[in-house]
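Below is one structure, written out as structure tokens, with a few remarks after it.
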Amino acid sequence: MKKLLITGADGMLATDLTRYFQTHSQYDIIKASRKDLDITSRDMVEEMFNMHKPDYIIHTAAITNVDFCEDNIDEAMRVNGYGTENIGVCAEQINAKVIYISSCGLFGDELKPYDEKEPVVLKTEYAKSKYLGEAKIAQSCSRHFIVRPGWLFGGGIQHKKNFVYNRYKEAIKGDEMVAAGDKYGCPTYTYHLAGALMSLLDTEKYGVYHISNDGSASRYDYVKKIITCFGLKTKVKKVDSSSFPRKAPVPDCEIISNYNLKKNGFSLLPSWELAIEDYVNILKNEIE
Ligand SMILES: NC(=O)c1ccc[n+]([C@@H]2O[C@H](COP(=O)([O-])OP(=O)(O)OC[C@H]3O[C@@H](n4cnc5c(N)ncnc54)[C@H](OP(=O)(O)O)[C@@H]3O)[C@@H](O)[C@H]2O)c1
């Protein structure tokens with residue numbers, strides 16, 4: 001039986017990866033959460049990889065708070081950059097395949113879909129740290145995929161950054177809420193992303209992949225869809241992103257084109273609207 005090790009196993013994406021692979025694969029899943037595996041310790045990583053000898057590793061662990069990274073640059077590089085190097089070096093020693101989860105936030109403000117050949121812009125320290133992770137995995141591990149997903153949603157209500165659940169909680173508190181109409185991306189369901197990752201792992205088609213649900217949306221479109229799916233009457237007002245002052249200069253456009261998935265014959269993901277409908281149905285059961 002093939003073994004799959006998932007880093008950052010308590011995180012939002014990792015939770016849905018585990019749920020997906022447990023139902024759709026025969027793999028033996030090793031959930032490596034932060035308390036069992038701090039990726040900044042080369043010794044811990046080496047020991048765990050040698051103990052389990054996974055065939056596949058999906059590396060999700062990262063500092064994901066973009067504003068925190070802006071203020072804590074060394075820590076961001078240490079975890080997202082050099083922690084990823086530890087994963088790559090130790091994976092190479094056991095000849096494992098690695099999927100490194102990078103980011104869609106590597107580009108600029110120009111409103112257009114970015115494919116894998118577009119030069120990066122790296123406006124934030126978070127983006128620089130994730131891109132350092134890409135360079136480190138590419139240098140250290142010969143059997144690697146670098147996946148840049150869209151704006152992720154999914155996981156459980158215990159996940160602090162659960163965007164869909166947080167908007168629900170906000171909506172039930174009042175008659176009106178606001179959302180930015182000038183930030184764009186591709187809302188992407190972690191469970192659908194898991195399916196695409198499973199297809200990659202079965203192949204030797206290594207490289208960089210942009211992966212998102214189909215279509216793109218502003219934050220306003222995204223929030224409006226969530227509220228509609230919950231059947232709530234709360235009015236969503238479109239505002240400028242300056243209403244949400246942030247430390248990190250996040251790009252206006254995080255829309256990605258799934259060019260390499262298409263080129264290499266992989267299935268594309270369904271629309272983001274359908275993905276939200278699927279996920280809200282699951283969340284409704286969890287909330288009730
Ligand atoms: N969320 C998005 O919209 C999005 C979009 C594109 C790409 N991504 C990428 O997708 C991946 C998963 O993101 P997510 O949204 O699932 O984030 P998440 O819920 O914050 O999960 C990240 C996990 O990594 C763990 N972690 C942090 N530092 C660690 C360390 N030194 N060693 C081991 N584990 C550590 C965290 O533990 P603690 O909670 O204890 O810190 C957390 O459990 C990340 O690589 C992120 O950069 C996210």
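These figures come from a predicted structure and were not determined experimentally. Both counts, for ligands and for their atoms, begin at 1 and track the order of listing. For reference, positions follow the sequence shown, starting with 1.
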Could you pull out, from [options], the option with a heavy atom nearest to [atom]?
atom: atom 12 (C) of ligand 1; options: L106, T60, V147; value: T60
atom: atom 36 (C) of ligand 1; options: A62, A61, G11; value: A62
atom: atom 9 (C) of ligand 1; options: S103, S102, P149; value: S102

Atom 39 (O) of ligand 1 protein-contacted (non-hydrogen atom, under 4.0 angstrom): no
How close does the nearest protein non-hydrogen atom get to atom 31 (N) of ligand 1, and which residue and atom is it? D38 OD1, 3.0 Å
One finds that the ligand 1 atoms under 4.0 Å from a non-hydrogen atom of G150 are 5 (C), 6 (C)
Is [X] atom [atom1] crowded by more than 12 heavy atoms from other residues, nucleotides or ligands, each under 6.0 Å away?
X: Q22; atom1: CD; result: yes
X: K31; atom1: NZ; result: no
X: E47; atom1: CD; result: no

Contact with ligand 1 for F153, non-hydrogen, under 4.0 angstrom: no
Does an N or O from I63, backbone or side chain, lie closer than 3.5 Å to an N or O of ligand 1? no
Please report whether ligand 1 has a polar contact with A14, defined as an N or O pair separated by less than 3.5 Å (distance criterion only). no
Could you check D221 against K224 for salt bridge (charged side-chain N to carboxylate O under 4.0 Å, His left out), going step by step and ending with a plain yes or no? CA-CA 5 Å; D221 301 325; K224 223 171 140 36; over 6 Å; no
Which of these, E46, H52, M44, sits in a side chain to side chain contact (heavy atoms under 4.5 Å, CB included) with M48? H52
